[in-house]
**Student:** 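What follows is a single structure, and I will ask about it in a moment.
Not measured: the values here are computed from a predicted model.
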Amino acid sequence: IARVGTNRRAMDVILKDLSDTGFAFVVDHEIEDATGLSVRLVFKDFDRNYDLTGFIVRLVKVEEEKYVYGIVTITDCLMH
């Protein structure tokens, strides 16, 4: 589940990529004015809970009604 920006509803997403500097997720709709918005992604995998935060830095439309958002993690933002 991801929450994008403040005062917006949470949405179901598919985690596409995870690295030391960020992550990407896929959704079935375009998020209005997304670039620069904060993101909090919470999920569980193999009995471990994850809570990732960052900012949207890119959007790629890969198919009709399929969008990939790239997020840089907050810890990476603070280090640069």
**Student:** In Å and rounded to the nearest 0.5 Å, what is the CZ to CZ distance from F25 to F43?
**Tutor:** 12.5 Å

**Student:** Would you compute the distance between atom CG of L18 and atom CG of L52 and round it to the nearest 0.5 angstrom?
**Tutor:** 6.0 Å

**Student:** V39, I14: one ILVMFWY side-chain cluster at the under-4.5 Å cut-off?
**Tutor:** no

**Student:** For residues L15 and L41, determine if any side-chain heavy atom of one lies less than 4.5 Å from a side-chain heavy atom of the other.
**Tutor:** yes

**Student:** Membership question, hydrophobic clusters at under 4.5 Å side-chain separation (ILVMFWY): are F23 and V26 in the same one?
**Tutor:** no

**Student:** Find the distance between OG (S38) and CD1 (I74) and round it off to the nearest 0.5 Å.
**Tutor:** 7.0 Å

**Student:** Please test M11 against H29 for side-chain contact (heavy atoms from CB on, under 4.5 Å), starting from the C-alpha separation and ending with a verdict.
**Tutor:** CA-CA 11 Å; M11 65 183 81; H29 62 281; 3.9 Å; yes

**Student:** Can you pull out every salt bridge (charged side-chain N to carboxylate O under 4.0 Å, His left out) where at least one residue sits in residues 27-46? Sequence neighbours excluded, please.
**Tutor:** R40-D51

**Student:** Under a 4.5 Å side-chain heavy-atom rule over Ile, Leu, Val, Met, Phe, Trp and Tyr, are V27 and L59 clustered together?
**Tutor:** yes

**Student:** Which distance, rounded to the nearest 0.5 Å, do you find between the CZ of F55 and the CD1 of I71?
**Tutor:** 11.5 Å

**Student:** So if you build clusters from Ile, Leu, Val, Met, Phe, Trp, Tyr with side-chain heavy-atom gaps below 4.5 Å, do V57 and V68 land together?
**Tutor:** no

**Student:** Can you give me the closest heavy-atom contact between D20 and T73, atom names plus distance?
**Tutor:** O-OG1, 4.0 Å

**Student:** Between V4 and I56, is any pair of side-chain heavy atoms under 4.5 Å apart?
**Tutor:** yes

**Student:** Show every side chain to side chain donor-acceptor pair (under 3.5 Å) that has at least one partner inside residues 60-70, sequence neighbours left out.
**Tutor:** none

